Amino acid sequence: MSDTGQSLEHAAIPVLHDETHHENWYSQPQINSIGNLPNLTGYLEHHAPSTDGSFAIYIAPGNVTLVSKRLYESIPEQHRPPLDANDAGNPVAFRVGSSTQEALGSTVMPVVLTDATSGRRFCIKLYALVLENMLMGMFIGTEGINFIERTDWGRGRVTYNMKFRNGRWVQVVHNIHVGE
């Protein structure tokens with residue numbers, strides 16, 4: 001592959017959820033966690049040739065979706081979604097630990113996931129604030145994420161049952177590894 005970045009075979013990857021044209025904003029963005037326990041693995045549609053494009057996601061109580069600057073900047077520039085500076089300086093409260101970070105801006109972050117039932121990949125595009133310092137690639141707050149219908153924990157894994165506006169159901173499984 002070229003130095004412009006690897007790409008998943010994305011011609012057939014359907015987008016099941018897209019917040020690109022939604023009027024999104026966070027009045028008082030906050031998460032009720034320190035965001036350090038991955039419970040989902042996502043993939044970048046376009047990534048550096050030296051990686052497989054995978055990154056850790058933590059889904060937990062909160063009203064905001066966040067992406068780390070490091071993950072955002074790992075997307076090759078020609079494929080990187082634009083950073084909206086209008087959200088720069090927006091404070092994000094981390095309720096556990098009582099800390100705050102200011103957003104560098106916002107973006108619509110494409111996340112590729114795999115349906116555990118069919119083995120097919122699909123994409124969700126989430127409006128996210130970009131933060132300088134995060135413990136993992138992405139945080140998704142459960143408040144406002146209306147496509148996760150049910151979450152089951154057990155047998156060393158987390159299973160997300162997702163239903164999208166088009167009526168399509170998918171199941172995404174994350175195996176929990178010792179040390180996570």
Side-chain angles (χ1 to χ4, degrees), residues 1 4-24 31 35 37-68 70-84 106-130 134 136-177 180:
M1 277 283 158
T4 59
Q6 298 282 343
S7 173
L8 293 173
E9 297 299 324
H10 67 280
I13 298 178
V15 176
L16 298 186
H17 181 80
D18 189 348
E19 297 179 352
T20 301
H21 301 293
H22 296 198
E23 302 243 351
N24 295 311
I31 66 173
L37 179 66
N39 54 18
L40 186 61
T41 300
Y43 292 86
L44 295 173
E45 191 172 10
H46 302 279
H47 55 87
S50 60
T51 74
D52 68 355
S54 66
F55 61 94
I57 300 172
Y58 184 40
I59 299 176
N63 66 356
V64 63
T65 297
L66 306 170
V67 63
S68 72
R70 181 178 16 183
L71 176 62
Y72 174 74
E73 290 181 345
S74 75
I75 301 170
E77 193 169 356
Q78 70 272 26
H79 299 292
R80 189 178 306 151
L83 183 68
D84 183 350
S106 63
T107 193
V108 176
M109 187 70 182
V111 179
V112 176
L113 300 169
T114 302
D115 182 346
T117 313
S118 69
R120 293 189 180 128
R121 292 189 174 223
F122 65 94
C123 183
I124 57 175
K125 295 183 178 184
L126 301 175
Y127 168 72
L129 296 178
V130 180
M134 287 182 54
M136 64 183 53
M138 189 170 215
F139 173 89
I140 300 174
T142 54
E143 298 169 33
I145 295 295
N146 57 8
F147 56 83
I148 298 177
E149 291 284 321
R150 194 173 91 205
T151 305
D152 296 318
W153 293 77
R155 298 186 182 153
R157 65 185 188 179
V158 185
T159 303
Y160 297 96
N161 293 288
M162 302 177 181
K163 182 180 179 185
F164 296 97
R165 289 187 182 155
N166 65 2
R168 183 163 172 195
W169 281 87
V170 298
Q171 189 176 75
V172 179
V173 174
H174 175 79
N175 293 313
I176 299 171
H177 304 284
E180 279 190 346

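Model, not experiment: these values are computed from the prediction. The first residue in the sequence is number 1, and the count goes up from there.
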Subject >> Nearest-0.5 Å distance that lies between atom OG1 in T41 and atom CE in M136 >> reply: 10.0 Å
Original post:
Do you know which two heavy atoms are closest between T114 and G119, and how far apart they sit?
Top reply: CG2-O, 3.7 Å
Subject >> Set of residues satisfying side-chain contact (heavy atoms from CB on, under 4.5 Å) with respect to N161, sequence neighbours excluded >> reply: R150, D152, T159, W169, Q171
Subject >> Residues which pass side-chain contact (heavy atoms from CB on, under 4.5 Å) with R165, listed by chain and number, not counting sequence neighbours >> reply: H22, N146
Original post:
Closest approach of V130 and L83, non-hydrogen atoms and distance?
Top reply: CG2-CD1, 3.6 Å
Original post:
Taking it one step at a time, do M162 and L113 satisfy side chain to side chain contact (heavy atoms under 4.5 Å, CB included)?
Top reply: CA-CA 11 Å; M162 302 177 181; L113 300 169; 4.2 Å; yes
Subject >> Interatomic spacing from OH in Y72 to CE in M109 - rounded to 0.5 Å >> reply: 9.0 Å
Subject >> Side-chain heavy atoms of P110 within contact of V15, under 4.5 Å >> reply: no
**OP:** Kindly indicate, with the supporting measurements, whether the criterion side chain to side chain contact (heavy atoms under 4.5 Å, CB included) is fulfilled by F147 and I124.
**Re:** CA-CA 10 Å; F147 56 83; I124 57 175; 3.9 Å; yes
Original post:
Going from CD on E45 to CD1 on I13, what distance comes out if it is rounded to the nearest 0.5 angstrom?
Top reply: 5.5 Å
**OP:** Rounded to the nearest 0.5 Å, what's the gap from CD1 on I59 to CD1 on I140? Could you check?
**Re:** 4.5 Å
**OP:** Taking atom CZ of R70 as the centre, report whether more than 12 heavy atoms of other residues, nucleotides or ligands fall under 6.0 Å from it.
**Re:** no
Original post:
Given the rule in the side chain to side chain contact (heavy atoms under 4.5 Å, CB included) test, do T142 and I148 qualify, once you have shown the distances and angles that lead to the verdict?
Top reply: CA-CA 8 Å; T142 54; I148 298 177; 5.9 Å; no
Original post:
To the nearest 0.5 Å, how far apart are CD1 in I31 and OH in Y58?
Top reply: 8.5 Å
Subject >> Atom pair OG1 (T65) and CD1 (I145), whose distance is rounded to the nearest 0.5 Å >> reply: 4.5 Å
Original post:
Nearest heavy-atom pair of P82 and T107: which atoms, and what distance?
Top reply: O-OG1, 2.9 Å
Original post:
Which heavy atom of S54 sits nearest a heavy atom of Y43, and at what distance?
Top reply: CB-CE2, 3.3 Å
Subject >> Sub-4.5 Å side-chain heavy-atom contact between R168 and P14 >> reply: yes
Subject >> Heavy-atom closest contact (R80 atom, E73 atom, distance) >> reply: NH2-O, 3.1 Å
**OP:** Please step through side chain to side chain contact (heavy atoms under 4.5 Å, CB included) for the pair D84 and Y127, ending with a clear verdict.
**Re:** CA-CA 11 Å; D84 183 350; Y127 168 72; over 6 Å; no
Original post:
How far apart are the closest heavy atoms of D115 and T117, and which atoms are they?
Top reply: OD1-N, 2.9 Å
**OP:** Measure up the F164 and H17 rings against each other and bin them: parallel (under 30°), tilted (30 to 60°), perpendicular (over 60°).
**Re:** tilted
